[in-house]
Participant: 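Quick one: this structure, given as structure tokens, is what I'll be asking you about.
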Amino acid sequence: MKEIRVRFAPSPTGSLHIGGVRTALYNYLFAKKLNGKFIIRIEDTDQNRYVDKAEEYIYDSLRWLGLEADESVEKGGPFAPYKQSERLDIYKKHAYDLVEKGWAYFAFDTAEDLEQAREKSKEGGVSTFQYNAATRMLMKNSLSLSPDEVEQLKQNQPFVIRLKVPKKEEIRLNDLIRGWVMVHSSTMDDKVLLKSDGMPTYHLANVVDDYLMKISHVIRGEEWLPSAPTHVLLYQAFGWQNEMPLFAHLPLLLKPEGDGKLSKRDGMLHGFPVFPLSWTDTETGNVISGFREEGYLPEALINFLAFQGWNPGTEQEIFSIWELIEAFSLERIGKSGTRFDIQKAKWFNHYYLQQKPDVFFAEAISKVLEPCGLWKEGKKLGAWVNLVKSRSSFVADMLTEIRQIATWPVAPDEETLKSKWNEDAKRGLIAFSDLLAEREDWSAEELKFVFQSEMEKLGIKPGKVLPNLRMALTGKAAGPDLMTIAEVLGGTISAQRMRDSLQRFSLLTGI
RNA sequence: GGCCCGUUCGUCUAGGGGUUAGGACGCAUCCCUUUCACGGAUGAAACACGGGUUCGAUUCCCGUACGGGCUACCA
């Protein structure tokens with residue numbers, strides 16, 4: 001059997017879109033599943049749209065997600081270079097070969113010429129001008145001009161090389177996801193292969209590289225399906241039809257609501273990331289934060305992304321990268337576009353956050369606690385994590401909550417104070433604060449017991465005191481378990497906060 | 001407009017000629033709880049439409065509608 005070799009071939013024209021990340025993931029999973037090679041090839045043939053930082057961004061993103069390439073610009077490999085701008089001679093040679101074989105031709109039409117042709121066909125009622133078998137003899141190219149004229153023009157004018165698409169031919173393509181796709185060559189146009197600046201177009205470079213790099217499967221977004229027949233034709237033209245890779249065109253990621261595919265704007269509109277890492281817009285200088293900065297764990301993003309368009313056919317939803325590799329197959333990729341479901345991503349993140357050990361949060365938590373003079377000696381980490389983890393989907397959620405608890409409660413929730421504060425509550429609070437002050441290191445269980453028996457002794461219902469205790473300790477009406485909060489704060493601070501609050505409450509309510 | 005691709009709960013999807021059409025997210029209700037969450041339980045919620053084929057179609061075929069992509073010397 002042929003070696004499995006797949007490639008992710010982004011072009012460095014901006015941030016890596018999350019859809020691109022999914023394409024990379026599927027390529028990676030497919031390669032690893034079948035013991036093949038995952039290759040990253042940089043398709044930087046558009047000089048106008050080239051963005052300097054983009055290539056590095058692609059590597060950083062994939063590295064963050066653990067999608068490491070077997071062959072790439074960074075890593076090298078038997079088919080280097082893996083950057084198209086360093087392979088220009090190869091494309092040029094192949095383009096000229098095609099001209100020689102009669103499969104391509106030189107075209108001298110200027111932008112204005114083409115514009116005119118388009119105008120004219122619109123007037124004639126044809127909606128879109130096509131440069132093809134029907135029109136090419138009307139244009140300025142090496143098919144319509146005499147050899148002398150061609151030589152002359154080649155000397156003095158920029159020109160492109162175009163594919164000579166046959167007039168009447170059925171182009172067939174068996175897509176792994178969509179089945180047979182048939183297109184008549186009369187509806188295709190003579191795509192430019194080599195641009196006038198000497199750069200290849202995607203079509204040429206892609207086919208040449210996939211062939212030379214022995215790519216076995218082309219797994220890419222559905223936006224490429226319309227040009228796939230051109231690529232098939234190119235394989236035929238080069239005489240590589242027997243080495244042609246298998247194609248799998250992935251369904252697109254759609255906007256969460258409304259029409260169209262997911263875009264940068266959607267993220268900003270709905271307040272969720274669409275980039276893996278934060279990206280600084282080259283034109284505006286605006287920083288758009290990414291999944292990583294928003295607190296998504298890489299394993300959660302991977303798991304989530306895997307399910308946007310693929311499913312294992314079982315009811316299992318939580319998959320490690322290893323399990324994904326094991327379970328992945330092209331056959332189980334859906335055909336229809338997928339609306340981007342950020343809720344599901346959050347749910348995955350919540351799950352994966354719960355799996356993290358306490359030390360994972362140590363640094364972030366200590367940064368919040370230290371300015372508040374808490375947790376200096378580092379021994380209460382587990383208790384702090386315990387307090388907030390299960391309620392959180394992101395580390396930031398945990399920190400927000402911890403910050404609220406760590407901050408001295410100077411402004412009690414007035415609603416609660418008005419409705420809950422009374423003489424009984426006051427008595428209970430005074431008694432409990434005295435008890436708390438006796439010791440520093442209480443456990444939540446001990447406190448619970450002490451509290452309960454004290455309230456019993458005083459003949460006060462615990463429910464009357466508890467909301468006020470929360471107010472006294474944190475200033476808030478809602479939050480995590482109270483006794484655990486007291487444990488984590490320690491006896492001294494807890495008692496101090498309560499006495500402090502007692503005074504404040506009196507001042508505010510007269511009780 | 002032309003060409004190509006698609007269409008099962010709001011969303012991601014399973015299924016497939018005869019099923020109570022299954023799961024997950026989200027939503028609602030209940031339980032747990034001082035509270036907000038977490039967790040647990042329950043519930044509402046879908047085969048786009050019209051023709052065939054068939055004893056029978058959500059499933060196969062054809063149309064229509066709708067959605068998407070492409071239609072550049074962008075990828």
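Numbers restart at 1 for each chain; the letters A, B, ... are given by sequence-line order, proteins then strands. Everything quoted here is computed from the prediction, not taken from an experiment.
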Participant: Reckon A:K344 touches a base, only the sugar-phosphate, or nothing at all at heavy-atom distances under 4.0 Å?
Facilitator: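 Base: the residue A:K344, judged by heavy atoms under 4.0 Å, touches a nucleobase.
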Participant: Measuring only between side-chain heavy atoms, which start at C-beta, is A:W442 closer than 4.5 Å to A:L436?
Facilitator: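 Side-chain contact under 4.5 Å: yes.
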Participant: Which nucleotide in the set B:rC73, B:rG68, B:rU7 lies at the smallest distance from any side-chain heavy atom of A:S336?
Facilitator: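 From the listed options, B:rU7 comes nearest.
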Participant: Within the structure shown, what part of the strands sits under 4.0 Å from A:R49 by heavy-atom distance: base, sugar-phosphate, or nothing?
Facilitator: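 Base, at least one base heavy atom under 4.0 Å.
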Participant: From the set B:rU34, B:rA14, B:rC74, return the single nucleotide nearest to any side-chain atom of A:R332.
Facilitator: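 For the A:R332 side chain, the nearest candidate turns out to be B:rA14.
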Participant: Report all side-chain donor-acceptor pairs from residues 163-172 of chain A shorter than 3.5 Å, counting only partners two or more places apart or in another chain.
Facilitator:
none

Participant: Give A:R470 one of three labels, base, sugar-phosphate or nothing, depending on what nucleic acid heavy atoms sit under 4.0 Å from its own.
Facilitator: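 A:R470: base contact, heavy atoms under 4.0 Å.
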Participant: So what does A:V181 hit on the nucleic acid, given a heavy-atom distance under 4.0 Å: a base, only sugar-phosphate, or nothing?
Facilitator: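 Counting heavy atoms under 4.0 Å across all strands, the contact made by A:V181 is with sugar-phosphate only.
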Participant: Over all strands shown, is A:D109 touching base, sugar-phosphate only, or nothing at heavy-atom distances under 4.0 angstrom?
Facilitator: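 Base: the residue A:D109, judged by heavy atoms under 4.0 Å, touches a nucleobase.
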Participant: Starting at CD of A:Q354 and ending at P of B:rG39, how long is that distance when rounded to a whole Å?
Facilitator: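 Whole-Å distance recorded here is 8 Å.
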Participant: Tell me the interatomic distance from A:L301, atom CG, to B:rC12, atom C1', rounded to whole angstroms.
Facilitator: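 The answer, rounded to whole Å, is 16 Å.
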Participant: Could you check which of B:rC5, B:rG6, B:rC73 has an atom nearest any side-chain atom of A:R178?
Facilitator: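 Among B:rC5, B:rG6, B:rC73, the one nearest the side chain of A:R178 is B:rC5.
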Participant: Contact class for A:R220 vs. all strands (heavy atom < 4.0 Å): base, sugar-phosphate, or nothing?
Facilitator: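 Nothing, no nucleic acid heavy atom in range.
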Participant: Quick one: label A:G221 by what it contacts on the DNA or RNA (base, sugar-phosphate, nothing), any heavy atom closer than 4.0 Å.
Facilitator: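 No contact.
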Participant: Checking contacts here: which listed nucleotide (B:rC73, B:rC74, B:rU35) is nearest the side-chain heavy atoms of A:D46?
Facilitator: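 Looking only at side-chain atoms, A:D46 lies closest to B:rC74.
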Participant: Would you indicate which nucleotide in B:rG68, B:rU35, B:rC3 comes nearest to any side-chain atom of A:T187?
Facilitator: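 Among B:rG68, B:rU35, B:rC3, the one nearest the side chain of A:T187 is B:rC3.
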Participant: Return whichever of A:G337 or A:G479 has its heavy-atom-nearest nucleotide of RNA chain B closer to the 5' end.
Facilitator: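 Result of the comparison: A:G337.
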Participant: Using a 4.0 Å heavy-atom cut-off, does A:H350 contact any base of the nucleic acid, only the sugar-phosphate backbone, or nothing at all?
Facilitator: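 The answer is sugar-phosphate, as A:H350 gets under 4.0 Å only of primed atoms, P, OP1 or OP2.
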Participant: What contact category does A:G309 fall into here, base, sugar-phosphate, or nothing, at under 4.0 angstrom with non-hydrogen atoms?
Facilitator: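 If one applies the 4.0 Å heavy-atom cut-off, A:G309 turns out to touch the sugar-phosphate alone, with no base involved.
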Participant: Rounded to whole Å, please give me the gap between CG in A:L469 and C1' in B:rC36.
Facilitator: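 Answer to the nearest Å: 16 Å.
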Participant: Aromatic ring centroids of A:Y296 and A:F272 under 6.0 Å?
Facilitator: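 No, the ring centres sit 6.0 Å or more apart.
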Participant: What is the distance, to the nearest angstrom, from the CZ atom on A:R339 to the P atom on B:rC12?
Facilitator: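 About 7 Å, once rounded to whole Å.
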Participant: Cut-off 3.5 Å, side chains only: do A:N141 and A:Y131 have a donor facing an acceptor?
Facilitator: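 A:Y131 and A:N141 do have a side-chain donor-acceptor pair below 3.5 Å.
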Participant: May I ask you to say what A:S196 touches in the nucleic acid, namely base, sugar-phosphate or nothing, with a heavy-atom cut-off under 4.0 Å?
Facilitator: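 Base contact.
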Participant: Could you check whether any side-chain heavy atom of A:F451 comes within less than 4.5 Å of a side-chain heavy atom of A:L466, counting everything from C-beta outward?
Facilitator: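 Sidechains of A:L466 and A:F451: in contact.
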Participant: Rounded to the Å, how far apart are A:L252 CG and B:rU7 P?
Facilitator: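 Interatomic distance, CG of A:L252 to P of B:rU7: 14 Å.
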Participant: Counting side-chain heavy atoms from C-beta on, which of B:rU34, B:rG22, B:rA75 comes nearest to A:E315?
Facilitator: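 That would be B:rG22.
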Participant: Could you check whether A:F307 gets within reach of a base, just the sugar-phosphate, or nothing at all, counting any heavy atom under 4.0 Å?
Facilitator: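 Counting heavy atoms under 4.0 Å across all strands, the contact made by A:F307 is with sugar-phosphate only.
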Participant: Go through B:rA37, B:rC12, B:rA75 for me and flag the one nearest to the A:Q308 side chain.
Facilitator: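 Minimum distance to the A:Q308 side chain belongs to B:rC12.
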Participant: Distance to the ring centre below 6.0 angstrom and angle to the axis at most 45 degrees; does that hold for A:K154 and A:F106?
Facilitator: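 Yes.
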Participant: Assign A:K261 to base, sugar-phosphate, or nothing according to its heavy-atom contacts below 4.0 angstrom with the strands shown.
Facilitator: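 Since only primed, P, OP1 and OP2 atoms lie under 4.0 Å of A:K261, the category is sugar-phosphate.
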Participant: Scan every strand shown for a Watson-Crick or G-U wobble partner of B:rC27, both distances under 3.5 Å, and answer none if you come up empty.
Facilitator: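 WC or wobble partner is B:rG43.
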Participant: Which part of the nucleic acid, if any, lies within reach of A:T128 when heavy atoms closer than 4.0 Å are counted: base, sugar-phosphate only, or nothing?
Facilitator: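 Base contact.
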Participant: Flag the pair A:F307 / A:P312 as yes when at least one side-chain heavy-atom distance between them is below 4.5 Å, and no otherwise.
Facilitator: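 The answer is yes; the side chains approach within 4.5 Å.
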Participant: Counting only side-chain heavy atoms from C-beta out, which of B:rG69, B:rU34, B:rC74 sits nearest to A:K195?
Facilitator: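 Nearest listed nucleotide: B:rC74.
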Participant: Looking only at side-chain atoms of A:E223, point me to the closest of B:rC36, B:rA75, B:rC73.
Facilitator: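 Taking heavy atoms from C-beta onward, the closest nucleotide is B:rA75.
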Participant: To the nearest angstrom, how far is A:L225 atom CG from B:rG6 atom P?
Facilitator: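 Atom CG in A:L225 sits about 8 Å away from atom P in B:rG6.
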Participant: What integer distance in Å separates A:H203:NE2 from B:rC70:P?
Facilitator: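 Rounding to the nearest Å, NE2 of A:H203 and P of B:rC70 are 12 Å apart.
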Participant: Rounded to whole angstroms, how far apart are CG on A:D197 and C1' on B:rA72?
Facilitator: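 Atom-to-atom, A:D197 to B:rA72, this comes out as 13 Å.
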Participant: Answer with base, sugar-phosphate or nothing: what part of the nucleic acid does A:T45 contact at a heavy-atom distance below 4.0 Å?
Facilitator: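 The residue A:T45 makes sugar-phosphate contact but no base contact.
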Participant: Counting heavy atoms from C-beta on, name the nucleotide in B:rA72, B:rA24, B:rU13 closest to the side chain of A:W347.
Facilitator: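 In terms of side-chain proximity for A:W347, the closest of B:rA72, B:rA24, B:rU13 is B:rA24.
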